[in-house]
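Since the model is a prediction, treat every value here as computed from it, not as a measurement. The residues of the chain are indexed from 1 along the displayed sequence.
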Amino acid sequence: MSRPFRFAVNLLEPASAEEWRAKCRRAEELGYDVILVPDHLGMPAPFPALVAAAEATERPRVGTFTLNAGFWNPALLAREVATTDALTGGRLELGLGTGYVREEHETAGLPFGSPGERVDHLRRTVEELERLLGSKEHQPQPTQRPRVPLLIGGNGDRILRLSAEHADIASFTGARTAPGSTTGQLTPISADEMDERVGRILEFAEHRAEPPELNLLIQMVIGTEDREAAVRPFLELVPDMTVDQVLELPVTLLGTLEEITEQVLARRERYGFTYFTVLEPYMEAFAPVMERVRGL
């Protein structure tokens, strides 16, 4: 039986205290289930932003989407997670990833490492957090038991295996880092590739009574009567793709309200995604879609 839909918005822009509270209250008014923040230099610091979001709202959960594991020492991160969970009244969801922007690590004076080294560090972080936060001796203690829900983001086999072993939520960006990029430039993966990646995590999670909840980061939401015209300005970003291939990308939602609603339902049917995250610029545009699909 399919899980119920959940919807999140990832708030990217720094703001004053008043502006931040207003954004979070607006997300709650629109019906978002989760308010998320990223972990990039130049964007809001995750944990104080989440505490402020929880104080400004009553219903939504709050979460990181996703922490760059290479920025964090596991013992210090455990302290942040437990404190934030307590201060938000047990509303925290912890999202973790390897990090993919070399320039940010260099600016912070932190090693970036190879892809394999970054996955190794993420695994150590996940396992150490489970050990520390699962201990009755650890102080401070998180509010949620048996633990703060864990989201792991990524597409590669080792990440998917880690998600299958440890995560409550497996998140797919629907993109991979462009070869040679130091700034985190992403290239989308095709609809067929997404089929294969989702199939892979379900294979890795066969031992579980229930697989992880599947999350998809939507990169673009555009309301339009002419889908092909709307997508053409973006073709130069994906020169190897045709208009039809871009329109089929799992991370793009384009069309009328009815068409976008059908696309969300189709992503659930084809891939099993029931938890969708949109970026802050699309928070308002996506709200009518959430209203349409709830309960379907």
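- Both M194 and V238 are part of a single hydrophobic cluster, where members link through side-chain heavy atoms under 4.5 Å apart.
- At a threshold of 4.0 Å, the pair E28-R25 does not count as salt-bridged, since none of the basic side-chain nitrogens sits closer than that to a carboxylate oxygen.
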Let's go through E55 and R21 carefully: what are the C-alpha distance in whole Å and the side-chain angles of both, what is the deciding distance for salt bridge (charged side-chain N to carboxylate O under 4.0 Å, His left out) to 0.1 Å, and is it a yes or a no? CA-CA 8 Å; E55 289 178 345; R21 288 193 294 266; over 6 Å; no
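- Separating the CG atom in L87 from the CG atom in L50 is a distance of 11.0 Å, to the nearest 0.5 Å.
- The shortest distance between side-chain heavy atoms of P46 and F65 does not fall below 4.5 Å.
- Remark: the backbone N or O of E103 is paired with a side-chain donor or acceptor of T107 at under 3.5 angstrom.
- Side-chain atoms of P140 and T83, non-hydrogen and from C-beta on, do get closer than 4.5 Å to each other.
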Evaluate side-chain contact (heavy atoms from CB on, under 4.5 Å) for V126 paired with I152, printing each intermediate quantity in order. CA-CA 9 Å; V126 168; I152 295 178; 4.2 Å; yes
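- Here the side chain of N68 pairs a donor or acceptor atom with the backbone of D39 at under 3.5 angstrom.
- Between R79 atom CZ and F47 atom CZ the span is 11.0 Å, to the nearest 0.5 Å.
- Salt bridge R232/E228: present, at least one basic N to carboxylate O contact under 4.0 Å.
- For E29, the CD atom counts as densely surrounded, since its 6.0 Å shell holds more than 12 non-hydrogen atoms of other residues, nucleotides or ligands.
- Proximity of L151 to L96: side-chain heavy atoms (C-beta onward) are nowhere separated by under 4.5 Å.
- Criterion: ILVMFWY side-chain heavy atoms under 4.5 Å apart, direct or through other members. Under it, L122 and L76 are not part of a common hydrophobic cluster.
- A donor-acceptor contact shorter than 3.5 Å is absent between the side chain of E127 and the backbone of R124.
- The shortest side-chain heavy-atom distance between R270 and D195 falls under the 4.5 Å cut-off.
- The shortest heavy-atom contact between Q263 and T252 is OE1-O, 4.0 Å.
- Under the 6.0 Å distance and 45° angle rule, R6 counts as a cation-pi partner of Y275.
- Under the 4.5 Å side-chain heavy-atom criterion for Ile, Leu, Val, Met, Phe, Trp and Tyr, V119 and V101 are members of distinct hydrophobic clusters.
- No donor-acceptor pair closer than 3.5 Å links the side chain of D33 to the backbone N or O of P60.
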If you apply the rule side-chain contact (heavy atoms from CB on, under 4.5 Å), what do you find for V293 with L265, and how did you get there? CA-CA 7 Å; V293 302; L265 295 173; 4.2 Å; yes
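- Under a 3.5 Å cut-off, the side chain of Q245 and the backbone N or O of T242 do form a donor-acceptor pair.
- With hydrogens and angles ignored, the 3.5 Å screen pairs a side-chain donor or acceptor of D85 with a backbone N or O of Q144.
- Between L129 atom CG and L94 atom CG the span is 6.5 Å, to the nearest 0.5 Å.
- Side-chain contact check for F276 versus V289: every heavy-atom pair is 4.5 Å or farther apart.
- Of all non-hydrogen atoms in A53 and V62, the two that sit nearest each other are CB-CG1, 4.1 Å.
- With respect to the salt-bridge test (charged N to carboxylate O, under 4.0 angstrom), the residues K23 and E19 do not qualify.
- Taken to the nearest 0.5 Å, the CG atom of N155 stands 15.0 Å off from the CZ atom of R158.
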Between L36 and V34, does the side-chain contact (heavy atoms from CB on, under 4.5 Å) criterion hold? Intermediate values first, please. CA-CA 6 Å; L36 299 169; V34 192; 3.6 Å; yes
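- Taking the six-membered ring where the residue is Trp, H105 and F71 present tilted rings, their angle falling between 30° and 60°.
- Formation of a donor-acceptor pair under 3.5 Å by the E280 side chain with backbone atoms of L12 is found in this model.
- The closest side-chain donor-acceptor pair between R91 and T57 falls under 3.5 angstrom.
- Scanning all heavy atoms of the two residues, the minimum distance from M43 to P38 falls at SD-CG, 3.4 Å.
- Across every non-hydrogen atom of V37 and A49, the tightest pair is CG1-CB, 4.1 Å.
- Across every non-hydrogen atom of T143 and A86, the tightest pair is OG1-CA, 3.3 Å.
- Surrounding CD of E284 are more than 12 heavy atoms belonging to other residues, nucleotides or ligands, all under 6.0 Å away.
- Seen from the ring of F112, R102 does not count as a face-on cation partner, given the 6.0 Å and 45° thresholds.
- Residues W72 and V51 do not share a hydrophobic cluster, clusters being chains of Ile/Leu/Val/Met/Phe/Trp/Tyr side chains in contact below 4.5 Å.
- In this structure the side chain of T224 never reaches within 4.5 angstrom of the side chain of T256, judged on heavy atoms.
- Taking hydrophobic clusters as Ile, Leu, Val, Met, Phe, Trp and Tyr residues chained together by side-chain heavy-atom distances below 4.5 Å, F234 shares a cluster with I260.
- Between the CZ atom of R61 and the CG atom of L92 there is a distance of 7.5 Å, given to the nearest 0.5 Å.
- Side-chain atoms of R200 never come within 3.5 Å of backbone atoms of L160 as a donor-acceptor pair (strictly under, hydrogens ignored).
- Listed by first and then second residue, the salt bridge (Lys or Arg N to Asp or Glu O under 4.0 Å) pairs that reach into residues 235-247 come to none, sequence neighbours excluded.
- Closest approach of V148 and E93 over heavy atoms only: CG1-CA, 4.3 Å.
- In this structure, the side chains of M241 and L235 stay at 4.5 Å or more apart for every pair of heavy atoms.
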Apply the test side-chain contact (heavy atoms from CB on, under 4.5 Å) to residues L253 and V264: give CA-CA distance (whole Å), side-chain angles for both, the deciding distance (0.1 Å), then the verdict. CA-CA 8 Å; L253 298 175; V264 170; 4.0 Å; yes
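- Side-chain contact, E18 with S16: no donor N or O sits under 3.5 Å from an acceptor N or O.
- Between the R227 side chain and the L254 main chain, a donor and an acceptor come within less than 3.5 Å of each other.
- Between Y271 and F273, the ring planes are tilted. Angles from 30° to 60° get that label.
- Looking only at distances, no side-chain donor or acceptor of S135 sits under 3.5 Å from a matching main-chain atom of L132.
- Using a 4.5 Å cut-off on side-chain heavy atoms (C-beta onward), D168 and E213 make no contact.
- Here the CZ-NE2 distance, from R147 to H166, works out to 8.5 Å after rounding to the nearest 0.5 Å.
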